[in-house]
Amino acid sequence: MLQVAVIREQTNKVLEGLRKRNFKDAENLINLILKKDALRKETQKALDDRKAKANADAKKIGELIKAQKNDEANALRASIGEAKETTKAMEASLNESEKEVIDLLYKIPNIPHESVPAGFGADDNLKVYEHGLLPQLSLDALPHWELIKKYDIIDFDLGNKIAGAGFPVYKGKGAKLQRALINFFLDEAEKQNYKEIQPPIVVNEASGYGTGQLPDKEGQMYFIQEDGLYMIPTAEVPITNLYRDVILNEEDLPVKNAGYTPCFRREAGSWGAHVRGLNRLHQFDKVEIVQIRKPDESYQALDEMCAYVQSLLEKLELPYRKLLLCGGDMGFNSALTFDMEVYAAAQQRWLEVSSVSNFETFQANRLKLRYKTKEGKIHLLHTLNGSALALPRIVASILENNQTSDGIKIPKALIPYTKFDIIN
RNA sequence: GGAGAGAUGCCAGAGUGGUUGAAUGGGACGGUCUCGAAAACCGUUGUGCGGGUAACUGUACCGAGGGUUCGAAUCCCUCUCUCUCCGCCA
């Protein structure tokens with residue numbers, strides 16, 4: 001959520017940013033917010049004045065009663081009666097104004113960083129880096145959804161039987177590979193001074209609002225009606241919400257957390273072509289890294305996080321490319337996002353395995369996540385997060401890229417974790 | 001699931017209707033003292049939204065939301081959470 005003050009003081013910059021996102025009707029919405037907020041201020045000023053008088057009167061009545069001047073006290077008391085109704089009405093209208101402003105603010109996406117290219121969709125994203133040679137497979141190479149059957153390591157039919165489509169069952173070496181990847185990613189994160197966090201995989205409504213899943217994106221999350229809990233779509237949600245309503249001391253920064261969780265996504269409406277096998281699931285595993293930074297350090301942190309994610313892909317010997325997302329393809333909350341895509345050689349497709357973003361103050365403003373400087377000043381912080389990494393598509397490319405006539409070779413870096421070097 | 005108790009500032013903990021944003025203690029920070037430290041003593045120790053260049057100032061906030069009252073941390077209602085005991089149980 002943007003700050004009203006930013007919209008008020010940098011209106012043109014905000015409008016320009018929204019244009020880059022191809023955000024429709026920005027001007028009207030922004031003007032409406034400014035108008036509603038001006039009304040809010042005006043109402044508050046009038047209400048505060050009124051309350052100041054009421055407080056003074058109440059004090060006076062107390063003093064009069066103490067001084068045994070009951071007649072005067074009663075006279076004053078009688079004069080107040082009608083004013084209360086008006087005050088109550090003003091309070092209601094203030095509440096309404098505040099709510100209207102917030103509801104409008106929820107509709108405005110984050111302002112893109114100046115380096116974000118204009119564009120409408122995935123085709124306009126900018127490839128900023130590519131690493132590794134694309135494997136040349138033999139003609140009889142199989143896509144991963146065939147390989148998992150051939151070696152009996154992941155079973156979609158069984159998942160379908162006990163849960164539904166998009167909930168695979170990992171078996172034998174398939175299960176061990178999952179566990180190996182999770183441990184590998186967590187160990188690597190620890191080497192980079194990320195603190196390991198194991199959060200709940202359900203969150204309450206306030207947390208959904210904190211990181212921006214709510215309102216509007218509730219359709220993407222599984223919801224447990226009985227208890228009002230949402231199953232997390234990513235560890236970003238619980239780990240970032242740890243810092244909701246928190247004022248950190250400057251010396252506590254930076255915060256670097258990493259956590260493994262399963263992630264749950266309803267993916268309503270996005271089912272169709274190109275989602276075979278592991279390409280898109282309702283439940284998948286992911287290690288997420290989250291950083292909380294002072295504003296002047298956040299872009300340096302974003303670079304560090306990208307470099308770290310890239311180092312993981314290099315250790316896994318997967319060819320990848322790094323994309324700078326264009327305004328039209330960026331997430332609602334993000335100011336700047338890099339996607340990492342690995343190449344799945346049998347499908348001959350690039351698969352997104354990581355998305356690394358700087359949200360600047362957009363989440364922090366909702367979360368009320370701030371820090372106090374040594375001088376005692378309070379400022380919003382910047383939040384960042386990235387996948388490091390999401391498992392299924394990594395598994396898909398390992399399976400496809402490393403298939404040989406003898407079986408599937410495990411990347412060297414993973415063997416200490418899998419304790420086998422081939423799936424056959 | 002049943003019964004009871006509770007929720008106050010960074011922490012502990014007073015406060016049952018009237019200048020209480022909140023006693024007291026601890027912690028932290030600053031100062032005096034000291035070669036330095038400890039001890040002792042003195043001081044500081046909110047957040048949001050307004051107004052003001054600023055000093056400062058108005059208002060709200062004692063789990064959340066309502067209500068009673070001229071006036072609520074204090075009384076009433078609803079909700080949430082925590083603790084204790086019992087039951088169940090990985």
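All values below come from the heavy atoms of this structure, side chains included, with hydrogens, waters and symmetry mates left out. Within every chain, numbering begins at 1; the chains are lettered A, B, ... in the order of the sequence lines, protein sequences first and strands thereafter.
Taking only side-chain nitrogens and oxygens, A:K372 comes nearer than 4.0 Å to OP1 or OP2 of B:rU47. Here A:N55 does not reach the OP1 or OP2 of B:rU19: none of its side-chain N or O atoms lies under 4.0 Å away.
With a cut-off of 3.5 Å on both pairing distances, the Watson-Crick or G-U wobble partner of B:rC81 is B:rG6. Remark: B:rG1 base-pairs with B:rC86. Criterion, Watson-Crick or G-U wobble with two distances under 3.5 Å. Checking B:rG25 for Watson-Crick or G-U wobble geometry (two distances, each under 3.5 Å) identifies B:rC11 as its partner. Shown here, B:rU47 forms a base pair with B:rA60; the pair counts as Watson-Crick or G-U wobble because both key distances fall under 3.5 Å. Nucleotide B:rU32 forms a pair with B:rA40, judged by Watson-Crick or G-U wobble geometry with both contacts under 3.5 Å. In this structure, B:rC70 and B:rG18 make a Watson-Crick or G-U wobble pair, each of the two defining distances being under 3.5 angstrom.
Atom P of nucleotide B:rC61 and atom NZ of A:K368 are separated by 16 Å, given to the nearest angstrom. Atom-to-atom, CE of A:M90 to P of B:rG50 comes out at 16 Å; the value is rounded to the nearest Å. As a whole-Å value, the separation of A:Q44 CD from B:rG48 C1' is 9 Å. Across the protein-nucleic acid pair, A:D48 atom CG and B:rG58 atom C1' stand 6 Å apart, rounded to whole Å. Nucleotide B:rG50 holds its C1' atom 11 Å from the CD atom of A:E98, rounded to whole Å. Put simply, CG on A:N74 is 14 Å from C1' on B:rU69, counting in whole angstrom units. Atom-to-atom, NZ of A:K45 to P of B:rG51 comes out at 8 Å; the value is rounded to the nearest Å. Put simply, CG on A:L248 is 18 Å from P on B:rG46, counting in whole angstrom units.
One P atom belongs to B:rC10, the other to B:rA23, and the distance between them is 13 Å to the nearest Å. Taking atom P on both nucleotides, B:rU69 is separated from B:rC85 by 43 Å, rounded to a whole Å. If you take atom P in B:rG21 and the same atom in B:rG58, they sit 12 Å apart, rounded to whole Å. Look at the C1' atom in both B:rA54 and B:rG67: the space between them is 42 Å, to the nearest Å. Taking atom C1' on both B:rC70 and B:rG17, the two are 12 Å apart, rounded to the nearest angstrom. Going from the C1' atom of B:rA5 to that of B:rG63 covers 16 Å, rounded to whole Å. Using atom P as the reference point in both B:rG43 and B:rU24, the two lie 11 Å apart (nearest Å). For the C1' atom pair drawn from B:rG4 and B:rA90, the interatomic distance equals 27 Å after rounding to whole Å.
When all heavy atoms of A:V287 and A:F185 are compared, the closest pair comes out as CG2-CB, 3.7 Å.
Between the CG atom of A:L369 and the OG1 atom of A:T383 there is a distance of 7.0 Å, given to the nearest 0.5 Å.
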Would A:K173 and A:T418 count as a side-chain contact (heavy atoms from CB on, under 4.5 Å) here? Give the steps. CA-CA 8 Å; A:K173 284 184 173 176; A:T418 54; over 6 Å; no
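Classified by interplanar angle (parallel below 30°, tilted 30° to 60°, perpendicular above 60°), the ring pair A:F332/A:F362 is perpendicular. In this structure, A:Y222 and A:F264 have perpendicular ring planes: the angle between them is above 60°, well past the 30° mark. Note on ring orientation: taking the six-membered ring where Trp is involved, the planes of A:Y308 and A:Y194 are tilted (angle from 30° to 60°).
Between the side chain of A:D339 and the backbone N or O of A:L324 there is no donor-acceptor pair closer than 3.5 Å.
Counting any heavy atom pair closer than 4.0 Å across all strands shown, A:L47 reaches no nucleic acid atom. No contact: A:K53 has no heavy atom under 4.0 Å from any strand. Residue A:K374 is classed as having no contact, given no heavy-atom separation below 4.0 Å to the nucleic acid. Within 4.0 Å of A:E63, counting heavy atoms only, lies at least one base atom of the nucleic acid. At a threshold of 4.0 angstrom between heavy atoms, the contacts of A:R370 are confined to the sugar-phosphate backbone, with no base atom among them.
Closest to the side chain of A:I61, out of B:rG48, B:rG50, B:rG18, is B:rG18. The side chain of A:I65 sits closest to B:rG18 out of B:rG18, B:rA60, B:rG46. Nearest to the side chain of A:I80, among B:rA60, B:rG50, B:rC70, sits B:rC70. Proximity note for A:K59 (side chain, C-beta onward) versus B:rU19, B:rU59, B:rU47: the nearest is B:rU19. Residue A:K88 places its side chain closer to B:rU68 than to any other of B:rU68, B:rA60, B:rU47.
Remark: A:K176 NZ is loosely packed, at most 12 non-hydrogen atoms of other residues, nucleotides or ligands lying under 6.0 Å away.
With RNA chain B read from its 5' end, the first of the two nearest nucleotides for A:A58 and A:A52 is the one closest to A:A58. Each of A:K66 and A:A54 was assigned the nucleotide of RNA chain B with the nearest heavy atom; the assignment lying further toward the 5' end belongs to A:K66.
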